[in-house]
Number of protein chains: 2
Amino acid sequence: MKERRTGAREAVLDAIRAAEPLSRVELAAMTGLTEASISTTVRKLLGEGLVVETGRTPTGGKPRTLLRLDPAARIAVGVHLDEDVTTYVLTGQTGGVISRMTRPAAPAGAGAADLVRRLAADVGSLVDGSGVDRVRCLGIGLVGADPRLARDHDLTEATGWPVLLENAATAAAVGEYWVARVEAARPFAALYLGSGLGAGIVAGGEPLRGSHTRAGEFGHLCLQVDGPACWCGSRGCLEALAGPQVVVEAARADPVAAGEAGLGAARSTVADFAAVARAARAGAPACRALLDDSARYVAAAAESLVNLVDVDLLVLTGPGFAAASFVYAPAITARLGPADARTWHRSVSVTVSLAAATASATGAAALVLQEALRSGQQ
Amino acid sequence: MKERRTGAREAVLDAIRAAEPLSRVELAAMTGLTEASISTTVRKLLGEGLVVETGRTPTGGKPRTLLRLDPAARIAVGVHLDEDVTTYVLTGQTGGVISRMTRPAAPAGAGAADLVRRLAADVGSLVDGSGVDRVRCLGIGLVGADPRLARDHDLTEATGWPVLLENAATAAAVGEYWVARVEAARPFAALYLGSGLGAGIVAGGEPLRGSHTRAGEFGHLCLQVDGPACWCGSRGCLEALAGPQVVVEAARADPVAAGEAGLGAARSTVADFAAVARAARAGAPACRALLDDSARYVAAAAESLVNLVDVDLLVLTGPGFAAASFVYAPAITARLGPADARTWHRSVSVTVSLAAATASATGAAALVLQEALRSGQQ
DNA sequence: CCATTATCTTAAGCTGGTGAAGGAACGGCG
DNA sequence: CGCCGTTCCTTCACCAGCTTAAGATAATGG
């Protein structure tokens, strides 16, 4: 009935994650496994402390005992190296943030060794400060890799934890999958607006990575055949037409918009974009117009994505959408409407991530947990 | 080492399909399975007649016995209901076409029952005429579903064979996967140009289908935010800007081009498009200009696809590309070049299907075989 | 206290894989 | 010719993971 792609262990953890609390009978029904099989796998998980029994539901006969994930049974650290800040997140099994920390990004001048030392120290103090036992932490997920961190190996040595690299959009998608409890079988895409535009696509429970782990370059969908040159070397890319850099540059170029948003000395793209979005939200017309213009393009690109991979859920995430989803979400919905109703007979939900600003870091940590817990090697 | 997503049976068949002939030792190395395991699965496959031993390679010690698929051990019928013609293909395990048949499409006025009767009769005579035993045929793959065939059930009843529905582009991709022996792990996309434009995307050995089996609507990538209205209800879709219908209409509207291509009474889009392509190939400048214009858009859309799902192989297929790939393939290659070299550090191969005209029908048959052989139920 | 109902566990068996040891087919060499 | 070593292929014992079938457990209501 329901697909069973790998072991019972994974299926059970996924089911509980998506719809906790659950009894064993319900688990059997959802995963397609036997009650016998559920019984034994659950016993194992109880033994490892990953799952806890909590409460019971009365029925006609023996009441069901409900199962939950123990949020702090295993944890992982997510690190997001952004242009101007580095975000650290400590995440438990349920995707919930146990503690977090933000620090200004390491100066561009600092050497590789310095950067590694700094990250290792921050991660260590985050874990220690959280009160959770160090051995429960399974690893570090790292997003937005700095070229100085080409060898994740270094950070592994410095901290003793395994390190997993991922790109921001894919990590954000996985984070969403955990935090927002997307059903395992449902394909969806997370659109990420940070200093650029990316998409994390999850199909069949697994993120789509492609040949070179470089799937999801949403910002380089072409929206104008002979459009302006993009830094990537092509022309007419979404990012070159309506990316955050373009919005920020346009705002700086227009004295009215710059005034509305209070753009002073050059800061990071992310910070400036957020300033424009805040101004627009407060009613500033010039800033609003800039965002509306950007949203037209983003919406068209979103439609392309939906038509190509056929998802019926789009999650907007990342700092950019955290600040400006009030413009982009309606634009996307409006753009998708006519063709969906007339031709495709589908209805795509567009939602905004609940934790858009930390989505990537959370997702990176979730990926580490997922890898480790599914297979069960300690 | 190599991924092993499901059973040994599937892995072995896939490996042989991709690189026959192979010895058992080589199979063990390629699949990551034990030689012991290979031995037993191969014995089973030999028993079923799916695989045959053929020849041996001398080595230092005991020579290897080579294994091949027996092309005619199991067969399936692929049917492609196109606008104006219906193509029937009888395909063996290796994807090779055993026999084929083309008939004019059933008149639009005919009823559902008529259509089913006609298809059943054609399929029956194809199988019987091929000399292959009827019981070796595992089913019928049907592409380009006519609304009158909404219930594939009817055709199953009329023929006694299971029927599988698929869309043209996905089927073409699977066909390519078989015929051109694409490696199992390599993600790729097949672009299909028929009466419309579609893409079949294969990632992780499985075609990407999406939420509603509607992935791959390549023709509805947006290439111009406020472009011309498309029949789908949106604006600026590739198909509305540069699809085959648009090319044909433009050719008809331009007396020079119409003359070059010899466009007379209205025929099908596919036939007219092929006429334009033939003229262009023969040197007709107006037709060539029309195709060049279309190719600019298709190339940009192909770039979007590559950037979004990260494939490094694009196969052009379908009757449209069969006739006009000499224009489209170079255009796509040229468009991808700059950004691939500068930013993505990848090199995308663009190839033309060897059997572009029958790709869909072959692919549909291949899908039936794949389903049946992998699991081994009869 | 016992029948009823429903949940959960236990025990035996099947399937599909592994690891290690042994048998089979060759060429080369005395 | 017989005896190497070499390499390929098979056999056998075993294990993991899941299923089926039967039984143990915990509540409810007469």
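The structure presented is a predicted model; accordingly, all values stated were derived computationally and were not measured.
- When each of B:G60 and A:E53 is assigned the nucleotide of DNA chain C with its nearest heavy atom, A:E53 is the one assigned upstream, toward the 5' end.
- Between C:dT18, C:dT9, C:dT10, one nucleotide has an atom nearer to the side chain of A:R24 than all others, and that is C:dT9.
- Comparing D:dT10, D:dT19, D:dC9 by their closest approach to the side chain of A:S37 singles out D:dT19.
- Nearest-nucleotide positions on DNA chain C for A:G61 and A:R43 put A:G61 closer to the 5' end.
- Residues A:T59 and A:A36 both approach DNA chain D. Their nearest nucleotides, taken by heavy-atom distance, put A:A36 toward the 5′ side.
- Side-chain proximity of A:T34 to the nucleotides C:dT7, D:dT7, D:dT20 is greatest for D:dT20.
- An OP1 or OP2 oxygen of C:dC26 is reached within less than 4.0 angstrom by a side-chain nitrogen or oxygen of B:R56.
- Atom pair B:E10:CD and C:dG16:C1' shows a separation of 14 Å (rounding to whole Å applied).
- Straight-line distance from the NZ atom of A:K62 to the P atom of C:dC8: 6 Å, rounded to whole Å.
- If you run side-chain contact (heavy atoms from CB on, under 4.5 Å) between A:V42 and each of A:L50, A:L27, A:T65, A:I16, only A:L27 comes through.
- Taking every side-chain heavy atom of A:K44 into account, D:dG17 is the closest of D:dG17, C:dG17, D:dC9.
- In this structure, the side chains of B:W178 and B:T91 stay at 4.5 Å or more apart for every pair of heavy atoms.
- In terms of heavy atoms, B:A372 sits closest to B:L138 at CB-CD1, 3.6 Å.
- In this structure, B:E35 atom CD and D:dC12 atom C1' are separated by 16 Å, rounded to whole Å.
- Taking atom CG of residue B:L33 and atom P of nucleotide C:dG19, one finds them 11 Å apart after rounding to whole Å.
- Taking every side-chain heavy atom of B:P63 into account, C:dA25 is the closest of C:dA25, D:dC18, D:dT11.
- Residue B:L27 contributes atom CG, which lies 16 Å from atom C1' of D:dT7 at whole-angstrom precision.
- When heavy atoms are screened at a 4.0 angstrom cut-off, B:T65 is found touching the sugar-phosphate backbone but no base atom.
- Annotation: of the two residues near DNA chain D, A:T40 and B:L66, the 5′-most nearest-nucleotide partner is B:L66.
- Using a 4.0 Å cut-off between charged nitrogen and carboxylate oxygen, B:R209 and B:E166 count as a salt-bridge pair.
- The side chain of A:R64 lies closest to C:dC8, out of D:dT19, C:dA25, C:dC8.
- Taking all atoms of both residues into account, the shortest heavy-atom contact from A:T54 to A:L67 is CG2-C, 4.4 Å.
- For the pair B:I38 CD1 and C:dG17 C1', the computed distance is 11 Å after rounding to whole Å.
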